[in-house]
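Beneath this line is the structure, given in C-alpha cells, with notes to follow.
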Amino acid sequence: MTSVLNELVRKTEPRAASMLAYLQESGIHQPDILKLMASLPRHEFVEPAFSHLAYSPTPLPIGKNQTISQPLTVARMSEWLLQYARRGRVLEIGTGSGYQTCILANLFNKVHTIERQKALLDLAMKRLANFGVSNVEFHHGDGHLGWPTNISMDAIIVTALASKVPHALTNSLKEGGILIMPIEDETPSIGCWQKTGEKWRRLEFAPAQFVPMLEGKEDA
C-alpha cells in the first residue's frame, strides 16, 4: 500500500477505508479518484436498510428496481474518464442515486444527467444540493433520446445495459470524445471507446454488472 493511500486510509472512517484498500488491490491507483470516493458518504446514497453494506464490493438497491453500482465499477469508470476525456461537459445516462453524478461533478466543468424515474431524480437532486454541488443539470426523460437541447459532449457515461448505442448519444459526442457504457457480451462487461470520425476505438474493457436500460420515463 502506498504512503498516499496509507495516509488516506488513516483519515477515513473504517468502512470507507476498507473500500479504498479493496479498490487499490483491484487495480485502482489514481489518487484523485481514491480521495474523492473516500470523501463521499456512500451510505447516504442507498436505501437505509442497506446502509451498513454501502461500502461493500457489491451493487445495492436504491429503490424502483434500480441499483447503485459497486464501488469498483464506479472507480474504474471514473478513472477512465480522468485518463482519457476532456474535462468540459459530460452526459450521464441514468442518474440513479446521484453517487456517480456527484463524482462526475468533481471531475468535469459541467454535468448533464438524465433519469427516467422521477422519484429517483428528485432524491438525487436533494442529495447533491445538500453536498453543495452546483454544476449539474438534471433532466427527467428517456436516456435513449439524449439531452433535450443540442449540446456537444466531451464524454458520455451510460450506467445501464443497452443492446446498442442510441444514435442520439453518438451524435452528441464531440470528435475524440469518450463513451463509457455496458455492453452485451458472453459475460456482463463495460467498455470505454473514443470517437474517431465514423469509427470507434476501444480503449478499455472490464467485467461489470448493470440493470437494463429501459425506454420511456416514469412520473411516480
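Throughout, numbering of the chain's residues begins at 1 and tracks the sequence. Side chains included, hydrogens not; waters and symmetry mates left out as well; all remaining heavy atoms used.
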Original post:
For Ile157, does its backbone N or O pair with a side-chain atom of Glu92 as donor and acceptor, under 3.5 Å?
Top reply: no

**OP:** Treat each ILVMFWY residue as a node, draw an edge where side-chain heavy atoms are under 4.5 Å apart, and state whether Leu107 and Leu72 are in one component.
**Re:** yes

Original post:
When rounded to the nearest 0.5 angstrom, what is the spacing between CG in Leu121 and NZ in Lys64?
Top reply: 12.5 Å

**OP:** Please confirm whether the backbone N or O of Asp32 pairs with a side-chain atom of Gln30, one donor and one acceptor, at under 3.5 Å?
**Re:** yes

**OP:** Let me see the working for Tyr99 and Arg127 under side chain to side chain contact (heavy atoms under 4.5 Å, CB included), right down to the final yes or no.
**Re:** CA-CA 9 Å; Tyr99 182 73; Arg127 288 185 182 116; over 6 Å; no

Original post:
Around His167, counting heavy atoms of other residues, nucleotides and ligands shown, do more than 12 lie under 6.0 Å from its NE2?
Top reply: no

Original post:
Do the side chains of Leu123 and Met125 join up, straight or via other hydrophobic residues, at under 4.5 Å, putting them in one cluster?
Top reply: no

**OP:** Check the surroundings of atom CG in Asn130: do more than 12 heavy atoms from other residues, nucleotides or ligands lie under 6.0 Å from it?
**Re:** yes

Original post:
Ile151, Leu169: one ILVMFWY side-chain cluster at the under-4.5 Å cut-off?
Top reply: yes

Original post:
Less than 4.5 Å apart, any side-chain heavy atom of Ile28 and any of Glu79?
Top reply: yes

**OP:** Check step by step if side chain to side chain contact (heavy atoms under 4.5 Å, CB included) holds for Leu81 and Leu104.
**Re:** CA-CA 9 Å; Leu81 288 171; Leu104 294 174; 3.5 Å; yes

**OP:** May I ask you to test the Leu20-Gln24 pair for a side-chain heavy-atom distance under 4.5 Å?
**Re:** no

Original post:
Given the rule in the side chain to side chain contact (heavy atoms under 4.5 Å, CB included) test, do Val111 and Thr101 qualify, once you have shown the distances and angles that lead to the verdict?
Top reply: CA-CA 8 Å; Val111 179; Thr101 316; 4.2 Å; yes

Original post:
With the threshold set at 4.0 Å, does a side-chain nitrogen-carboxylate oxygen contact exist between Lys126 and Asp122?
Top reply: no

**OP:** Taking all heavy atoms of Pro182 and all of Val158, pick out the closest pair and write down the distance.
**Re:** CD-O, 3.0 Å

Original post:
Any side-chain donor paired with an acceptor under 3.5 Å for Gln100 and Ser78?
Top reply: yes

Subject >> Between OG on residue Ser152 and CG on residue Leu91, distance to nearest 0.5 Å >> reply: 11.5 Å

Subject >> Qualifying residue for salt bridge (Lys or Arg N to Asp or Glu O under 4.0 Å) with Asp154, from Arg87, Lys110, Lys174, Arg89 >> reply: Lys174

Original post:
Parallel under 30°, tilted from 30 to 60°, perpendicular over 60°: which one fits the rings of His112 and Trp147?
Top reply: perpendicular

Original post:
Just wondering, are more than 12 heavy atoms of other shown residues or ligands nearer than 6.0 Å to CG in Asn65?
Top reply: no

Subject >> Heavy-atom closest pair, residues Leu40 and Ile103 >> reply: CD1-CG1, 3.6 Å

**OP:** Check whether any side-chain heavy atom of Ser39 lies under 4.5 Å from a side-chain heavy atom of Leu36, and answer yes or no.
**Re:** yes

